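No experiment lies behind these values; they were computed from the predicted model shown. Note that ligands are numbered from 1 as they come in the structure, with each ligand's atoms numbered from 1 the same way.
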Amino acid sequence: MNSPKVIALSGSLREKSYNQTLIQAAAAFALESGAEVEVIKLQDLNIPLFSEDLEAIETPEGVKLLKEKLREADGILLASPEYNGSFTAALKNAIDWASRTEQGAVPAFRNKVVALLATSPGGLGGLRGLNHVRDVLSGIGSLVLADQLAVPAAYDAFDEQGKIKSPELADKVSSLALQLVTVASKLK
Ligand SMILES: Cc1cc2nc3c(=O)[nH]c(=O)nc-3n(C[C@H](O)[C@H](O)[C@H](O)COP(=O)(O)O)c2cc1C
């Protein structure tokens, strides 16, 4: 198998984010499945709110870094909190910045295989936000896997070390990560 490059990130800026914990677990499974994996924390990128005026002056360093990582990647593991039935503004803002294409450059999200996950304290696990992020990413050329995972009761899903407590849930996350790695390696 061609070893695909996968980046893993969440749409949360919260220090103890459940979604970042989930994506970290998914990243570990992707590594076991043979991918090269890099976990990115959105808050470390310090991405300002997008404005075309700001963009005309300079592209922020965090955006440059994100675009570079996206361009190198074959696959993306992405988890987002659900805020008011959608995905987070922080993630939309990062997508908006990264979707901007310099002349002659390949759009950063084009042909990237994406696996979507979410977790929330609520009963639907952030499922409603995933429909929106799927729409947005499909619209800018990403290949979003049909399978996705929304994990309810986030407060009870992980142990102190961030490991998934339930073997059944661990199997589901592992299967999704394996699917991403398999598809990304074929398209590489
Ligand atoms: C503004 C706001 C809106 C929210 N709306 C929802 C929602 O629609 N559905 C839901 O399941 N949880 C909602 N929540 C709760 C989040 O799921 C919860 O804060 C979660 O821990 C955020 O993910 P994180 O831990 O990865 O940061 C909302 C939280 C905030 C701050």
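Between the side chain of Glu82 and the backbone N or O of Arg128 there is at least one donor-acceptor pair closer than 3.5 Å. In this structure a side-chain-to-backbone donor-acceptor pair under 3.5 Å is present from Thr21 to Ser17.
With Ser12, Ala150, Pro121, Ser80 as candidates, the residue nearest to atom 18 (C) of ligand 1 on a non-hydrogen basis is Pro121.
The protein heavy-atom contact nearest to atom 22 (C) of ligand 1 is Pro81 CB, 3.7 Å. For atom 26 (O) of ligand 1, the nearest non-hydrogen atom of the protein is Ser17 OG, 2.6 Å. Nearest non-hydrogen protein atom to atom 31 (C) of ligand 1 is Tyr83 CE1, 3.8 Å. For atom 5 (N) of ligand 1, the closest non-hydrogen atom of the protein is Asn84 N, 2.8 Å. In terms of protein heavy atoms, atom 11 (O) of ligand 1 is closest to Ser120 OG, 2.6 Å. Remark: minimum distance from atom 13 (C) of ligand 1 to any protein heavy atom is reached at Glu82 O, 3.0 Å.
Ring pair Phe158/Tyr18 is parallel by interplanar angle, where below 30° counts as parallel and above 60° as perpendicular.
Residue contacts with ligand 1: Tyr18 is placed with a nitrogen or oxygen under 3.5 Å of a nitrogen or oxygen of the ligand (distance criterion only). At a 3.5 angstrom cut-off on N or O pairs, Asn19 counts as close to ligand 1.
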ask   = Which is it for Glu102 and Arg71 under the salt bridge (charged side-chain N to carboxylate O under 4.0 Å, His left out) test, yes or no, and what are the steps along the way?
value = CA-CA 13 Å; Glu102 308 81 18; Arg71 289 214 166 97; 3.5 Å; yes

task = Step by step, work out the salt bridge (charged side-chain N to carboxylate O under 4.0 Å, His left out) result for Glu15 and Lys41.
result = CA-CA 10 Å; Glu15 190 52 42; Lys41 278 179 122 184; 3.6 Å; yes

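Distances from ligand 1 to the non-hydrogen atoms of Gly85 include at least one value under 4.0 Å.
When side chains are defined from C-beta on, Ser12 does not count as touching Thr88, because their heavy atoms never get closer than 4.5 Å. At a threshold of 4.5 Å between non-hydrogen side-chain atoms, the residues Leu180 and Leu145 count as touching.
Proximity to Arg128 (heavy-atom distance under 4.0 Å) selects the following atoms of ligand 1: 7 (C), 8 (O), 9 (N). Against a heavy-atom cut-off of under 4.0 Å, Arg14 is close to the following atoms of ligand 1: 21 (O), 24 (P), 25 (O), 27 (O).
Linking ILVMFWY residues whenever their side-chain heavy atoms come closer than 4.5 Å, directly or via other members, places Ile140 and Leu42 in the same cluster.
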